There are 2 protein chains.
Amino acid sequence: MRRADRLDRLQSALDAGGYLRLKDAARLLGVSEMTVRRDIASCDGRFAYLGGYIAGGLESAGGMGYILDRERDAHIEMKRTACDSAATLLKPGETVFIDCGTTTTHLASRIPADSQITVVCYAMNIAEIVCKKPGLRVVMLGGLYHASSASFSSPESLEMLRGIGINTAFISAGGVHESLGISCSNFHEVEIKQTAIANAVTKALVVDSSKFDQVKPAFFAKLNSFDFLCCDDGIDPARAERLAAAGVRIMLP
Amino acid sequence: MRRADRLDRLQSALDAGGYLRLKDAARLLGVSEMTVRRDIASCDGRFAYLGGYIAGGLESAGGMGYILDRERDAHIEMKRTACDSAATLLKPGETVFIDCGTTTTHLASRIPADSQITVVCYAMNIAEIVCKKPGLRVVMLGGLYHASSASFSSPESLEMLRGIGINTAFISAGGVHESLGISCSNFHEVEIKQTAIANAVTKALVVDSSKFDQVKPAFFAKLNSFDFLCCDDGIDPARAERLAAAGVRIMLP
DNA sequence: CAGAAAATGTTAGAATGTTAACATCGCGAC
DNA sequence: GTCGCGATGTTAACATTCTAACATTTTCTG
């Protein structure tokens with residue numbers, strides 16, 4: 001079938017990451033624009049079709065597009081604000097660890113391109129952002145891919161991480177419970193987070209205020225392991241006071 | 001300044017990977033569409049603006065967008081064809097190594113999502129493609145990022161690679177010279193390519209025919225290290241015969 | 001080869017996006 | 001205050017894309 005062949009060619013041209021004008025695509029494939037339209041409509045979802053352009057591979061980082069889309073509307077503003085707080089801890093020339101998740105992307109995009117910062121990460125969505133900034137040095141911890149958090153894990157990566165001196169570790173979490181501790185959804189993240197915390201001079205927990213009193217299956221630290229809690233202003237004053245008493249500095253925007 | 005703040009919010013909403021309708025962006029930011037247009041125009045390049053949609057972070061994989069764009073027009077059809085040949089070596093359930101570069105992206109996008117294939121890679125542009133396919137297992141070799149080829153390298157990753165059994169290694173190259181050997185532009189790739197070749201049952205060289213008689217600074221193998229040469233039909237018959245005599249099977253579309 | 005069905009091309013009008021010019025608002029300086 | 005300036009909003013003319021209907025070509029089948 002010719003249609004399938006055309007779609008393959010389109011895919012090839014697009015999944016390196018870019019977009020094509022509809023008319024260019026038509027010329028490339030040697031058919032009319034209308035046919036390209038029909039081709040794209042026939043395989044719904046494979047390409048994104050926006051206002052005269054065809055874009056491929058935008059569904060989003062590492063197949064966790066749906067999770068992300070669902071979460072986006074809910075907490076995006078809070079996450080953004082929490083990362084505003086966290087970004088004040090960034091210092092030119094330093095080495096930072098950036099955890100996986102949908103919160104820390106906002107922090108990654110806040111790192112100035114010319115800051116000479118070295119970023120250590122282990123998630124696709126973080127890497128996609130920081131690798132595009134020319135002034136940054138990026139260290140990626142590889143391993144087996146876990147689509148649930150778009151992250152990688154492996155013993156060798158832990159070994160690599162142990163050899164890296166970190167000025168500030170920015171750790172995210174799915175749940176923050178004052179007595180039970182801090183938890184995330186994926187067990188493979190636990191060792192990485194713990195190693196990053198152990199190797200860092202400054203430890204910062206980056207969460208939006210919806211995470212308080214939540215518990216996820218994998219505990220990885222206690223609240224007092226952290227020097228800073230970077231949060232949005234949804235945290236209530238009583239809680240803030242308790243945390244401050246426990247030695248955690250609260251960073252608000 | 002309010003404009004910078006709006007741009008930050010846009011960036012946050014977009015760089016997780018997605019797009020926004022212009023009118024949605026206007027509503028999100030609480031300003032008119034015209035203002036959003038002006039904002040985007042003011043920071044040219046930070047966002048892609050296509051037909052009523054705003055897309056972020058599309059410039060392309062790992063900052064090598066420009067290289068890629070320049071190469072795209074030139075050889076894209078040949079690369080596509082070469083990868084058509086290579087794709088016939090893919091078998092469900094197997095483990096494959098996919099090299100970095102602008103050629104192998106076409107191969108990566110040809111891997112069927114439901115093929116239960118395990119992909120070993122060390123480049124952002126490859127990872128971006130294969131991580132999105134739910135039926136694949138992905139192993140990423142991490143390390144320090146090299147923007148020139150959007151790839152990573154580290155001693156620990158080599159160690160990891162040594163522990164991985166590969167059915168077919170798909171290796172790319174910047175130059176293929178019959179007597180001098182096969183070369184690439186970046187020295188850090190050499191060890192990885194060599195280790196992948198050493199660990200693979202089947203070794204396939206994937207290059208378009210423009211690479212013949214070229215030489216790049218870093219040699220990494222001789223032609224007879226490979227079982228297959230996956231190429232487009234631009235290879236001339238005399239050369240094909242010589243290579244066949246040297247024990248390399250030529251794969252054409 | 002005829003006929004049917006599918007695929008592709010063409011066209012025109014509707015919808016949408018784009019641009020530039022001008023109006024309005026908000027804010028700081030004098 | 002009010003003047004001026006920059007930022008933002010509004011409008012209208014213009015350009016582009018979208019959709020659906022129909023024309024044409026190709027492909028398959030008997």
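Chain naming here is simple, since letters A, B, ... match the order of the sequence lines and numbering starts at 1 in each. For clarity, every value in this text was computed on a predicted model and none was experimentally measured.
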**Report entry** Pair B:R27-B:D24, salt bridge (Lys or Arg N to Asp or Glu O under 4.0 Å): steps then yes or no
**Finding:** CA-CA 5 Å; B:R27 194 148 34 86; B:D24 292 332; 2.9 Å; yes

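Rounded to 10 degrees, the angle separating the terminal helix axes of the helix from C:dC1-D:dG30 to C:dC30-D:dG1, each built from five base pairs, is 30°.
In this structure, the CG atom of A:L29 is 17 Å from the P atom of C:dA7, given to the nearest Å. Distance B:R6 CZ to D:dG6 C1': 12 Å, rounded to the nearest Å. With rounding to whole Å, B:R3 atom CZ is found 10 Å from D:dG6 atom C1'. Atom pair A:I40:CD1 and D:dT19:C1' shows a separation of 15 Å (rounding to whole Å applied).
For D:dG9, one of the phosphate oxygens OP1 or OP2 lies less than 4.0 angstrom from a side-chain nitrogen or oxygen of B:S32.
Of the possible donor and acceptor atoms, none in the side chain of A:K79 sits under 3.5 Å from a partner among the backbone N and O of A:H106. The backbone N or O of B:A204 sits nowhere less than 3.5 Å from a side-chain atom of B:D227 that would complete a donor-acceptor pair.
Other residues, nucleotides and ligands contribute more than 12 heavy atoms inside 6.0 Å of the CZ atom of B:R242. Counting heavy atoms of neighbouring residues, nucleotides and ligands inside a 6.0 Å radius, atom CD of B:Q214 exceeds 12 of them.
At a threshold of 4.0 Å, the pair A:D39-A:R9 does not count as salt-bridged, since none of the basic side-chain nitrogens sits closer than that to a carboxylate oxygen.
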Report summary line: Its contact letters, B for base, S for sugar-phosphate only and - for none at protein heavy atoms under 4.0 Å, make nucleotides 17-22 of chain C read SBBB--

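A:S172 and A:D99 make their closest contact through N-OD2, 3.0 Å (heavy atoms, listed as atom of the first residue, atom of the second, distance).
Using bins of under 30°, 30° to 60° and over 60° for the plane-to-plane angle, the ring pair B:Y145/B:F152 lands in the tilted bin.
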